[in-house]
Amino acid sequence: MRGKFITFEGGEGSGKSTHASMLAQRLKALDIDCVLTREPGGSTGAEIVRHIILSGIAKPLGAETETILFAAARDDHVRMTIEPALAAGKWVISDRFIDSTRVYQGALGKVDMKLIRSLERVTVGATMPDLTFVLDVPTIVGLARAKSRRGSGAADRFESESTEYHDDLRRGFLVLAEREPKRIVVIDGRAPRDVVAEKIWDTVESRLLGAETAAP
Ligand code: Z5A
């Protein structure tokens, strides 16, 4: 049987990496083979593109070029990591995926949604997530968490944007969730880690594990 595909989305410091990893551990404890991955990145070629994007050297080339770079990374990630794992019956958990492009490059970067959807069709095709979590935290909370985790290291290309930018990001993800309630579930990420993890687990159980055991 084909595996399930779960993605985590949200702004900086919302807890995506933390909860993607906690969910992977919980699935592994149930003997469910699972691949934990991330975007941009998650495959050899995509990790090279990640380095180019997050260093900020592509920013002067404009939002459309950045969008195409994200798409190039995603194409490699889907073909080399996600699709083979799902086909082998493994579950895939990705820290960010298409909704990040829709919000960062689309809603905020003002890149034409027609270009974004066309790139999605080419890179993702039918490999759409079965379930997406948007971890929602106020900007001030997310940036404080990201800063405390980074320590004295330099802020990356996106972390250095203004508070208004991060507020718009938050709204952008909530708008997507309103549009696709069957796929996207919003989780309040302000709660303590274990509380957030439990809400995520309840959703996975009812939407994906429940569906699997109920199947004939
Ligand atoms: N990007 C894009 O523009 N277009 C695209 O298509 C894609 C991406 C795919 C990738 O950066 C950047 O690329 C991203 C968007 C853009 N923007 N930025 N920056 P990244 O991968 O380097 O970083 P990130 O995706 O933004 O994640 P993050 O900053 O690493 O945050 P996070 O994964 O959401 O949070 P975390 O690492 O799990 O948690 C942060 C800290 O908070 C950490 O110390 C945790 O221990 C702590 N934490 C987590 N949960 C809690 C709770 N519940 N309570 C207290 N503390 C907590």
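Remember, predicted model here, so these are calculated numbers, not experimental data. No hydrogens, no waters, no symmetry mates; every other heavy atom, side chains included, goes into these values. Counting starts at 1 for both ligands and their atoms, in listed order.
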*Relative to atom 28 (P) of ligand 1, which among Glu12, His77, Arg149 owns the nearest non-hydrogen atom?*
Arg149
*Who's closest to atom 21 (O) of ligand 1 heavy-atom-wise, of His166, Arg38, Arg50, Met22?*
Arg50
_Phe70 vs Gln105, side-chain contact (heavy atoms from CB on, under 4.5 Å): CA-CA, chis, key distance, verdict_ = CA-CA 9 Å; Phe70 277 113; Gln105 282 67 49; 3.1 Å; yes
With a heavy-atom distance limit of 4.0 Å, tell me whether [X] approaches ligand 1 through its side chain, its backbone, both, or neither.
X	answer
Leu135	neither
Arg193	both
Ala191	backbone
Arg74	side chain
Lys147	neither

*Is Phe173 close to Asp136 at the side-chain level, that is, under 4.5 Å between some pair of heavy atoms?*
no
Does any N or O of ligand 1 fall below 3.5 Å from an N or O anywhere on [X], backbone included?
X	result
Pro40	no
Thr18	yes
Arg190	no
Ala146	no

*Counting from 1, what ligand 1 atoms have a heavy atom of Gln105 closer than 4.0 Å?*
2 (C), 3 (O), 4 (N), 5 (C), 6 (O)
*Heavy-atom contacts with Gly189 under 4.0 Å: which atoms of ligand 1 show up? List them by number with element.*
53 (N)
_Considering only residues two or more places apart or on different chains, which pairs with a residue in residues 38-47 satisfy side-chain hydrogen bond (donor to acceptor under 3.5 Å, both in side chains)?_
Arg38-Glu47, Glu39-Arg74, Glu39-His77, Ser43-Asp76
*asked:* Do the side chains of Glu9 and Arg102 get close enough for a salt bridge, i.e. N-O under 4.0 angstrom?
replied: no
